[in-house]
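Report on the structure given below.
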Amino acid sequence: MDFRRELLNVYHSKTARLMAGSLALILFTSQWIVFLSGLYNDYHDKIAQHISVQETKVTEQIHLVDEQFENLPELVFDESLIGLVIISGSDDLLLKAGETLGFSSIREQLVANNYVLNFQWLVQTPGETLTVIAYVDTKPDVIATVVLALQLFVLALFTSLLAAAVVMMGVFRFYVYPMENLIEALRTSREESQGRAPELIELPERADLKPLAQEINNLIDGQRKSERQVKVKQQYLEFAAHHDPLTHLPNRLMFEDALKKTVRASIADDRSFSVFLIDFDNFKFFNDQYGNLIGDKMVIEVSNRLRTQISEVDLIARLDGDEFVVLQQDVSDTESIENIAQRIMKVVSEPYEYRGFTLKTAISVGVSRFPSDVLVSQEDELLGEEIVNNASVALQEAKSQGKAQYQMFTEKMRSNLTNRIRLEEDLKVALQAGQFEVYYQPKINIHTKEATGAEALVRWNHPTHGYVSPEDFVPVAEETGMIIELGEWILRSACYKMRELQQLGYLGLNVAVNISAVQFTDGNLLPMVRKALDDSQLAPHLLELEITESAVMHDPAEVINSLHQLGAHGMKLAIDDFGTGYSSLAYLKKFPVDTLKIDKAFITDISSDGDDVAIVEAVLGLGKHFNMKVVAEGIEDESQLEFLKASGCDIAQGYFVSKPLNSEQYTEWLQRWPYGVQDAAANDPVSSHMEPKTGTNG
Ligand code: C2E
Ligand code: MG
Ligand code: MG
């Protein structure tokens, strides 16, 4: 850096200018004050010296001349002493020579530009005391003093300016220049940092600003730290958005991203992949049993186990509460898929010891493969969705096949699914559209062959598919909850039909209506049934509610309670499809049930299958023991009827008697039935030979 530029910089620095100017002024003023007082004293010393010399000289000469003063001036006058007056003791003027101006002060003399100064003293001669007044020209002294003053002024000015310059340079060297450096360093580091916290500042040549730089560096450091914190926070948020908080596995969002990428990559590189959808079996039950906290522990445990099993390239994600998914690339052959599915199932189902509990959970797995399970003409996005849907269909299949197993997606499942969806849609409008009809299948007393009543069976006349079996749509109606509304409609139709028959004179007929498990647990069954009976004016004992054995056994304690309530209102209760649902005989004796219906599966093979004979006889024995009526359904020929009659069965139902008939046909059938119709007394609860065995009213 050249000196001129440095000076210029100093000059341009207002701070430096101000500091140096102030310093120079102070220095100069203080010097000048000191110098002035010195000058003043010096001047007076000079004059005093001057006077003293002249005084001595004049006094000596006065003593020498001895009264003769006329030639005294010649002896004493010089450049300095220019006038003399001597006055005797008696005030006589003895001598007046040279320039003898009047007495005046120095100031007056100076003002008048007259440098003559007078002074007087006394001289003792042998005869008297003389007063001597001498006039001295002080001009040389004044000039000497002024010259000195000028010299001192220059000196003061020079030293002040020098000091100011030194200060200015110092300020520049130690303040302005490093400051510029610092600012420059900051600017470059900021420009290079592109908006982030700047780089730390290094000032190797000038240590003077190190503390300041340190301070700034601390600030930068702080900024960086907070920037890092923001980054960490961002990373955390990013992680949280894509991961499940409980298991820290990737979540649905991340899985969907990965799936999209995998689909694209697989199409581009002609590769395959598989999606395994995993779902706990009966996890709700597990949670109810152990509590949600242990349920969560189980989920974490399972996710950890899944993590250990799958090689790192694959993705495991948690989609929902107990739903996981595994994405596996380059695997599409059945054997490898089965291996993976079995491995997953094995590792998950190992018991888990937790706080003294031995926890166990089973899972079902649905697998779908790319590209074999999808229609490749679709867009990438839809392909991902489709493959997951397929896996979900396969998973549902695994569940409905009894759980704790894996199923690979098949085309059949797809068509089942679409049919099922269509069925659901059609079912929604069927009731309003009047597509349902109640059929009645006659029942007869196996001994007298009198008609005893009928079982009401729903029929759906689909506008395009024609007749749809209740075995196909009732489960769907149950799942969608539609069975509540539909079941009520069936029950009311059956009650009104019976009322109509009573008006035709058939007073002793009863009707059996199938009640699904969903209706049974709905909580509204009793009021609904009572209202139907009230509205149709049908006596409660002419209505029999059929509940399947599996529905009864689902929650026996709850069911027993409900059955008691229904029984208390006079309705009859039957267990349908008896023999297929693994009834606990211990419970059976507690059920306030009037009728057991032997499932038709046992009747069909009665003539050829010894086991079925044994089962039928056992059911009949049970019925007798518990004082229940036994109905055999599905009787298709005379031999079956004869066998059941001989074995002591009470009621027969089946194609051999009649197929289910529509309302009109049933009335006609009754009119044509050659063995007559059971009269009211036979079905009257009071006179009936078969009292409800439990006596539930109490
Ligand atoms: P379920 O209650 O055991 O009904 C008896 C079924 O056996 C009826 O089939 C009936 O038509 C059939 N069947 C009667 N006699 C014979 C026979 O001799 N041979 C053969 N092979 N079959 C015979 P459907 O009407 O198809 O009903 C099937 C099942 O659908 C019923 O079994 C019942 O569980 C359910 N279901 C039918 N109607 C209703 C209803 O209104 N409400 C509810 N919740 N379920 C119903
Ligand atoms: Mg039934
Ligand atoms: Mg049945």
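This is a predicted model, so every value here is computed, not measured.
Looking only at side-chain heavy atoms (C-beta outward), E350 and R305 come within less than 4.5 Å of each other. Side-chain atoms of D281 and T361, non-hydrogen and from C-beta on, never get closer than 4.5 Å to each other. Counting heavy atoms from C-beta outward, L661 and Y440 have side chains that stay 4.5 Å or more apart.
With sequence neighbours excluded, no residue satisfies salt bridge (charged side-chain N to carboxylate O under 4.0 Å, His left out) with E323. Every residue two or more places apart in sequence or in another chain that forms a salt bridge (charged side-chain N to carboxylate O under 4.0 Å, His left out) with K428 is listed here: E425. Residues satisfying the salt bridge (charged side-chain N to carboxylate O under 4.0 Å, His left out) test with R414, not counting sequence neighbours, are E386, E411. Taking the side chain to side chain donor-acceptor pair (under 3.5 Å) definition, one finds that Q223 meets it with nothing, sequence neighbours left out. D576 meets the salt bridge (charged side-chain N to carboxylate O under 4.0 Å, His left out) test with no other residue; sequence neighbours excluded. Scanning for ring pair (Phe, Tyr, Trp, His ring centres under 6.0 Å) contacts around Y290 gives F286, F357, with sequence neighbours left out.
Nearest heavy atoms, V331 versus S272: N-OG, 3.7 Å. Heavy atoms only, all atoms of each residue included: L327 and L259 are closest at CD1-CD1, 3.8 Å. Considering all non-hydrogen atoms of both residues, D472 and L423 come closest at O-CD2, 3.7 Å. Between P592 and H564 the shortest heavy-atom distance is CG-N, 3.7 Å. Heavy-atom minimum distance, L253 versus A241: CD2-O, 3.6 Å. Taking every heavy atom of both residues into account, I316 and L249 meet most closely at O-CD2, 4.0 Å.
Atom NZ of K399 sits in a crowded spot, with more than 12 heavy atoms from other residues, nucleotides or ligands closer than 6.0 Å. Heavy-atom neighbours of D270 CG from other residues, nucleotides or ligands within 6.0 Å: at or below the threshold of 12. Heavy-atom neighbours of L293 CG from other residues, nucleotides or ligands within 6.0 Å: at or below the threshold of 12.
A distance-only check finds a donor-acceptor pair linking the side chain of D594 to the backbone of L573 [under 3.5 Å]. Side-chain N or O atoms of D269 include none that pairs as donor or acceptor with a backbone N or O of R271 at under 3.5 Å.
Note: F324 and F255 fail the aromatic proximity criterion, with ring centroids not under 6.0 Å apart.
The CG atom of D605 sits 5.5 Å away from the CG atom of D612 when rounded to the nearest 0.5 Å.
Ring planes of F273 and F370: parallel class, angle under 30° (limits at 30 and 60°).
For the pair K233 and Y236, the NZ or CZ position fails the cation-pi test of under 6.0 Å to the six-membered ring centre and within 45 degrees of the ring normal.
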